[in-house]
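Comments concern the structure below.
Scope of the values below: all heavy atoms of this structure, side chains included, with no hydrogens, waters or symmetry mates.
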Amino acid sequence: KSLPSAETRAASAGAAIQEPVGWSLSGLSFAYQSEGRPVLEDLSLEVTPGQALVVVGPSGAGKSTLLALMLGLLRPSQGSVSLVLSGKKPEPLEPRRAALLRTVGYVGPESFLVEGPIEDNLLYGLDLVPEKWEIAAALDKTECQFVDGLPGGLNHRLTEQGQGLSAGQKQRLA
């Protein structure tokens, strides 16, 4: 019996996926038990690795449910969700779910901020502390130049609700 590859061991240990991720959804249906009728019904979709996808629709159309299914936070009533990694065949989501969740960042309509310096919020959840130039580049890329104008800059203290920042500023920081 051969030993598992380094990639297999890293994936099972939950190491973050280090390449673009895509999804293959096949015959996906989901209904909340409280509602009975399906929120999503027989949805099939291919998202190639690195492709951007925008999902729009009215409230209650199933956008957040679809995201939760794609991340493995909900299980479909029918159908399957598979991951597609660059140059590889689709593989079942479940064995790689922990690795996927270490890779994906999501900012919803309600931003999550921790009480304390802005820098603590930027570093929240990271295993490695980035260099100062990397933080500056991230702030620039996410249009957070407003941080430089705040008293204390990265050391500016936030409340849990981000008091004093606009909704858009809070989302960009998150």
Side-chain angles (χ1 to χ4, degrees), residues 4-25 45-56 63-74 81-174:
S5 69
E7 183 180 279
T8 303
R9 289 191 309 273
S12 65
I17 297 171
Q18 299 296 318
E19 58 185 293
V21 175
W23 281 266
S24 177
L25 311 179
L45 173 68
E46 298 288 329
V47 181
T48 59
Q51 177 183 4
L53 173 68
V54 177
V55 179
V56 296
K63 300 178 300 290
S64 296
T65 300
L66 175 61
L67 178 64
L69 288 162
M70 291 173 74
L71 295 176
L73 303 174
L74 291 174
V81 177
S82 299
L83 287 182
V84 180
L85 302 177
S86 297
K88 298 178 183 166
K89 295 187 301 187
E91 58 183 88
L93 170 63
E94 192 49 45
R96 301 290 301 262
R97 188 169 75 87
L100 176 68
L101 293 177
R102 292 183 65 87
T103 304
V104 172
Y106 168 71
V107 178
E110 295 295 324
S111 303
F112 173 78
L113 297 170
V114 294
E115 186 173 343
I118 286 179
E119 187 170 29
D120 287 359
N121 280 274
L122 298 176
L123 302 179
Y124 185 84
L126 296 180
D127 293 331
L128 300 173
V129 177
E131 300 288 333
K132 293 292 183 195
W133 68 267
E134 291 173 305
I135 294 172
L139 288 171
D140 189 51
K141 195 171 194 176
T142 55
E143 299 182 18
C144 289
Q145 296 88 349
F146 66 88
V147 170
D148 291 334
L150 295 172
L154 288 173
N155 292 317
H156 180 79
R157 293 193 64 80
L158 297 175
T159 66
E160 235 177 83
Q161 292 79 29
Q163 190 173 8
L165 299 179
S166 73
Q169 288 172 325
K170 290 186 256 186
Q171 283 183 318
R172 289 194 302 274
L173 280 177

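- Salt bridge present: Glu119 and Lys132 bring a charged side-chain N and a carboxylate O closer than 4.0 Å.
- The backbone N or O of Leu83 sits nowhere less than 3.5 Å from a side-chain atom of Lys88 that would complete a donor-acceptor pair.
- The side-chain heavy atoms of Asp140 and Gln145, taken from C-beta on, include a pair separated by under 4.5 Å.
- Of all heavy-atom pairs between Pro117 and Arg157, the closest is CD-NH1, 3.4 Å.
- In this structure a side-chain-to-backbone donor-acceptor pair under 3.5 Å is present from Arg172 to Glu143.
- Atoms CG and OG, from Leu73 and Ser64 in turn, are 11.0 Å apart once rounded to the nearest 0.5 Å.
- Nearest heavy-atom pair across Asn121 and Gly116 is ND2-O, 4.0 Å.
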Under the side chain to side chain contact (heavy atoms under 4.5 Å, CB included) criterion, do Val21 and Val84 qualify, and how do the steps go? CA-CA 6 Å; Val21 175; Val84 180; over 6 Å; no
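- Taking every heavy atom of both residues into account, Leu123 and Pro130 meet most closely at CD2-CD, 3.4 Å.
- Nearest heavy atom pair, residue Thr159 against residue Gln163, reads OG1-N, 3.0 Å.
- With contacts defined as side-chain heavy-atom distances shorter than 4.5 Å, the pair Leu53/Leu45 qualifies.
- Here the closest heavy-atom approach between residue Glu46 and residue Ser24 is recorded as OE2-OG, 2.8 Å.
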Does the pair Leu69 and Trp23 meet the rule for a side chain to side chain contact (heavy atoms under 4.5 Å, CB included), with working shown? CA-CA 11 Å; Leu69 288 162; Trp23 281 266; over 6 Å; no
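- Atom CD1 of Ile118 and atom CG of Leu158 lie 4.5 Å apart (nearest 0.5 Å).
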Derivation of the side chain to side chain contact (heavy atoms under 4.5 Å, CB included) call for Val55 and Leu67: CA-CA 9 Å; Val55 179; Leu67 178 64; over 6 Å; no
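- Taking all atoms of both residues into account, the shortest heavy-atom contact from Ile17 to Arg96 is CG1-NH2, 3.6 Å.
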Applying side chain to side chain contact (heavy atoms under 4.5 Å, CB included) to Leu165 and Leu150, what does each step give before you reach the verdict? CA-CA 10 Å; Leu165 299 179; Leu150 295 172; 4.1 Å; yes
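- Leu101 is listed as a side-chain neighbour of Leu71, based on a closest heavy-atom distance under 4.5 Å.
- Sparse packing is recorded around OH of Tyr124, with 12 or fewer heavy atoms of other residues, nucleotides or ligands lying under 6.0 Å away.
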